[in-house]
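Read the structure below first, then the notes.
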Amino acid sequence: MGRALVSPSRDVTSPLARLSTRTPASAPFLPFPHPPKVSLTCHSPHSIPTPSVSRISDLPRLLGLGALLGPSPSYRWPISMAEETANDTQVAQDNEMAPSNEAIQGDELVHGEELVQGDDEFVQGEELAHGDDLVQGNELVVAEATTPPTTGTRRRRKKSLVWEHFTIENVAGGATRACCKLCKQTFAYSSGSKIAGTSHLKRHITLGSCPKIKNQDRLALPSTGGTDNDGEGTVERPTKRRYRYTGYANAAFDQDRSCSYLAKLIIQHDYPLHIVQQPAFATFIESLQPRFKIVDVEMMEAEVYAVYQKERENLLQAFNTMPGRISLTIGLWTTSQTLGYVSLAGQFIDSEWKVHRRMLNFMMVSSPHSENALSEAISLCLSDWNMKDKLFTITLDNECSSHDIYSANLRDYLSNKNNLMLKGQLFVVRCYAHILNAVAQDVIASIHGVIYNIRESIKFIKASSAREEKFAEIALQLEIPSTKTLCLDVTTQWNTTYLMLLAALDYKQAFTTLETCDDNYNEAPSAEDWKKVDAACTYLKLLYDSAHSIMAAANPTANIFFHEAWKLQLELANGTGHEDPTFSSIAKDMHERFDKYWKDCSLVLAIAVVMDPRFKMKLVEFSYSKIYGAEAAKYVKVVNDAVHELYKEYVAQPLPLTPAYVEHGETNNGPANANNSQGAAPTGDGLLDFDMYLSEIQSSQPSKSELEQYLDESLTPRIQEFDILNWWKLNTVKFPTLSKMARDILAIPMSMVGSGSSIFSAGTGTRMLDDYRSSLRPEIVEALVCAKDWLQYAPPAATDAQNSALLKAEGS
């Protein structure tokens with residue numbers, strides 16, 4: 001039962017008393033023409049004090065009619081002082097009042113935090129009584145109503161969320177104090193008849209005063225409204241305050257920060273800089289933040305460059321702590337104005353043995369295909385990033401026709417200014433993804449006429465649903481078991497062409513039958529054409545599977561490429577001797593191109609797989625015996641000598657201080673642990689002669705190097721979830737010098753296609769910069785390209801402390 005409006009001469013169940021059950025639309029008598037003078041008192045056997053009502057907004061809150069009356073007016077009504085009672089000056093206990101939009105049930109009487117109960121019927125302690133059913137004049141005459149005697153009371157559950165963090169403790173003198181559950185600090189709560197309220201308790205939790213949460217996120221405690229009485233008497237709060245998380249919603253507006261975020265948006269999504277001048281964009285920003293001042297293109301260029309400079313400084317600091325060397329990938333770009341750009345990206349492994357690739361420079365050069373211009377660009381890049389002595393290898397695409405001369409000139413130029421490892425034998429690496437694409441494009445070009453007929457045939461069938469149904473019926477009659485779907489390819493992605501040919505090959509009989517049934521179709525390939533398609537698909541499958549193996553690797557470190565390259569080299573070499581001239585012809589063309597890549601890069605590929613503890617030199621010996629036959633030993637020796645020579649160069653470099661590796665009492669043999677012997681420290685047990693004997697043996701027997709120890713150990717089991725970088729991280733102490741060598745080798749970018757990218761979409765030649773980017777100043781182009789790469793690895797923007805702090809909302 002809701003709150004009742006009763007007359008002194010009427011029963012509480014009068015028609016007017018049922019007003020509280022009506023909707024706001026059915027209660028039109030409350031919009032008063034003039035503000036009446038209202039005072040509300042209540043007497044009961046318990047002498048429950050009731051605060052005076054000085055605002056109309058307090059009436060529905062106290063009577064539980066908030067939902068009935070709707071929004072309360074914001075003005076005050078005059079109070080009839082003659083009608084006020086002495087109870088008006090008593091303290092309103094606690095500030096946990098019922099919200100204005102929450103009706104109090106008929107079986108509850110809210111008094112601070114107490115509930116008054118009757119035996120048969122729960123009657124409101126605050127009842128509004130009318131002298132008549134109608135309102136007289138402009139005043140609402142309020143009478144005094146009494147509640148029937150109650151027979152018992154029960155403590156109502158405290159509703160404030162603050163009690164989740166405090167407990168009540170009794171102290172001397174009948175007073176109670178609130179104790180914080182986190183820091184155990186106590187606060188005044190009640191002293192006899194006065195209650196201090198909970199506002200100071202909320203401040204302790206939400207504003208970070210509690211030492212236990214001072215450095216953590218401050219807590220949000222929604223307030224339910226009411227009076228703010230801190231023990232000083234009845235004080236009516238002029239505003240209702242709420243505590244909540246605000247984030248950026250109520251944060252102070254910052255024009256500079258907003259401009260920086262706008263610059264990052266433009267960078268990350270390749271939006272044009274002149275988007276800030278578009279009226280639709282300005283209108284959109286105006287709707288979000290009217291105080292934001294739209295900047296012009298020049299100012300936005302400055303913001304973009306500022307973001308670039310900041311991210312560059314962060315990356316430069318990371319490079320200063322880089323433990324090993326860095327390898328570069330070189331990309332060539334041209335523009336419609338015949339200008340040339342060179343992109344340089346660096347790949348390295350950090351101290352936690354994680355692979356990173358970052359764009360370093362995107363600079364304009366006069367002639368990107370000139371080795372002198374490219375050498376100057378590389379030297380300038382290394383100088384800008386303070387890495388003149390840290391260059392290990394560079395990876396190029398395969399567009400240059402005279403690759404040997406080009407690489408030799410580049411190696412000679414840079415070796416004069418940089419200390420190249422292994423006399424530059426590993427310096428220039430060709431991109432594996434590009435060689436796969438180049439070979440695949442050669443195969444497709446060799447049968448371009450047949451591919452054209454197949455494309456036109458698929459277009460003819462897909463032109464209408466009737467033709468598709470007819471073709472499906474033919475395939476059903478011929479009992480073709482294939483479940484592949486005919487689809488057109490994307491000419492720039494050779495994998496889609498391979499899949500198109502593969503599906504068409506299954507339906508070759510259906511194409512021939514369709515040509516005899518439909519006079520409009522005359523594009524069916526001949527039997528010889530289908531043989532060419534079969535041969536092409538046979539060898540394209542090798543490239544397709546190899547590309548997928550590379551893309552499936554979570555960390556495409558250098559060691560995984562040898563597995564794909566040697567199998568491909570072997571299959572193509574065997575294919576050249578195929579008995580069918582159609583197959584052998586395609587295999588010879590593919591092998592001729594791929595064999596050049598194998599001769600250039602087999603050494604660096606083999607050294608990389610030696611650093612894999614699952615294979616070491618064993619896989620090199622096995623694969624070379626398959627490829628070279630009787631001459632395998634000669635090629636294996638080349639790899640073995642190169643590994644040992646490279647290790648010697650790392651031994652000659654100073655080692656950082658690392659703890660000595662000791663395993664079950666055995667020391668790691670090597671220069672770093674030469675002084676650590678099994679009996680070096682005399683123990684006073686009378687075996688001094690024995691200790692001298694051990695020293696003589698160790699000095700007379702040459703110790704094994706880290707590399708020899710590593711190669712002699714048994715192979716690590718091959719498990720699917722093996723992580724080579726984690727293995728070297730765990731064995732860094734055991735192999736301090738060899739781990740440095742492994743870090744640099746495994747970081748070599750054998751492919752210019754990064755992790756998560758598609759090898760099939762990688763071009764085989766120079767890429768074209770769009771007209772818009774070409775029209776910008778070179779330094780802005782570099783800022784846009786490099787900052788876009790860096791921002792994708794940047795941590796999320798930290799929220800300012802002021803914005804993440806809990807704020808008090810404005811009062812109503």
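Q255 contributes a side-chain N or O that, together with a main-chain N or O of K293, makes up a donor-acceptor pair within less than 3.5 Å. A distance-only check finds no donor-acceptor pair linking the side chain of Q185 to the backbone of C180 [under 3.5 Å]. Judged by distance alone, with hydrogens and angles left aside, the side-chain atoms of K202 form no donor-acceptor pair with the main-chain N or O of V162 at under 3.5 Å.
Legend: residues meeting side chain to side chain contact (heavy atoms under 4.5 Å, CB included) with R177, ordered by chain and number and at least two apart, are V171, T186, A188. With sequence neighbours left out, the side chain to side chain donor-acceptor pair (under 3.5 Å) criterion links E303 to no other residue. For E169, there are no side chain to side chain donor-acceptor pair (under 3.5 Å) partners two or more places apart in sequence or in a different chain.
Side-chain contact between C183 and H204 is present, with at least one heavy-atom pair separated by less than 4.5 Å. Side-chain contact check for T167 versus K181: some heavy-atom pair is nearer than 4.5 Å.
Distance check: D789 CG to L784 CG gives 13.0 Å after rounding to the nearest 0.5 Å. A distance of 10.0 Å separates OH of Y308 from CD of E313, quoted to the nearest 0.5 Å. With rounding to the nearest 0.5 angstrom, the OG1 atom of T321 is 9.0 Å from the CD atom of Q317. Separating the NZ atom in K729 from the CD atom in E352 is a distance of 4.5 Å, to the nearest 0.5 Å. Rounded to the nearest 0.5 Å, atoms CG (L315) and CG (N320) are 10.0 Å apart. Atoms CG and SG, on L201 and C210 in that order, are 12.0 Å from each other to the nearest 0.5 Å.
The aromatic rings of F348 and F319 sit perpendicular, their planes meeting at an angle over 60°, well past the 30° parallel limit. Ring-plane geometry between W163 and F166 is classed as perpendicular, the angle between the planes exceeding 60 degrees on a 0 to 90 degree scale with a lower cut at 30.
Considering all non-hydrogen atoms of both residues, M359 and C786 come closest at CG-SG, 3.7 Å. W353 and S739 make their closest contact through CH2-O, 3.3 Å (heavy atoms, listed as atom of the first residue, atom of the second, distance). The two residues D256 and D254 make their nearest non-hydrogen contact at N-OD1, 3.0 Å. In plain terms, the two heavy atoms of F253 and S258 that are nearest each other are CE1-OG, 3.6 Å. Of all the heavy atoms in F281 and V276, the pair that sits closest is CD2-CA, 3.9 Å. Taking all atoms of both residues into account, the shortest heavy-atom contact from A783 to V304 is CB-CG1, 4.2 Å.
A cation-pi contact, defined as under 6.0 Å to the ring centre and within 45° of the axis, is absent between R358 and W790.
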Q: Carefully, step by step, assess M299 and D296 under the rule side chain to side chain contact (heavy atoms under 4.5 Å, CB included).
A: CA-CA 5 Å; M299 287 295 297; D296 55 20; 3.1 Å; yes
Q.
Working note: F292 + L262, criterion side chain to side chain contact (heavy atoms under 4.5 Å, CB included); need CA distance, chi angles, decisive distance, verdict.
A. CA-CA 11 Å; F292 182 76; L262 177 57; 4.2 Å; yes
Q | Step-by-step side chain to side chain contact (heavy atoms under 4.5 Å, CB included) determination, V307 to S260 | A | CA-CA 7 Å; V307 172; S260 178; 4.1 Å; yes
